[in-house]
Amino acid sequence: MKAEVREIKAEGWVCGKCQEPLRQLPVEITYMGSSFQVELPRCPVCGFTFIPPDLAYGKMREVEKLLEDK
Ligand SMILES: [Zn+2]
């Protein structure tokens with residue numbers, strides 16, 4: 001059974017283009033007509049945002065839950 005990931009760690013990730021360590025930065029995402037701010041590993045130079053597919057899926061589920069609770 002896989003543990004649910006709650007925090008996205010930026011440590012250890014490096015931008016493939018800039019070789020710059022990714023930093024945990026707030027990113028605005030829009031989903032189902034609402035925007036949310038989540039902290040994701042992001043390159044401070046080119047703005048590349050790293051979203052692992054399984055993590056993105058987990059976040060989307062969280063967002064869906066937020067929408068349902070409203
Ligand atoms: Zn970069």
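In each ligand, atom 1 is the first atom listed, and ligand 1 is the first ligand listed. Fair warning: this is a prediction, and the values are worked out from it, not measured in the lab. Reckoned from all heavy atoms, side chains included, excluding hydrogens, waters and symmetry mates.
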TODO: Would you mind reporting whether L22 and R42 have side-chain heavy atoms less than 4.5 Å apart?
DONE: no

Task: pair Q24-P41: side-chain heavy atoms closer than 4.5 Å - done: yes

Task: By side chain to side chain contact (heavy atoms under 4.5 Å, CB included) - contacts of T30 (at least two apart) - done: S35

Open item on the list: For the Zn ion (ligand 1), which protein N/O/S atoms fall under 2.8 Å? Skip waters.
Closed with: C15 SG, C18 SG, C43 SG, C46 SG

Open item on the list: I'd like to check K17 versus C43 (side-chain heavy atoms, cut-off strictly below 4.5 Å). Are they in contact?
Closed with: no

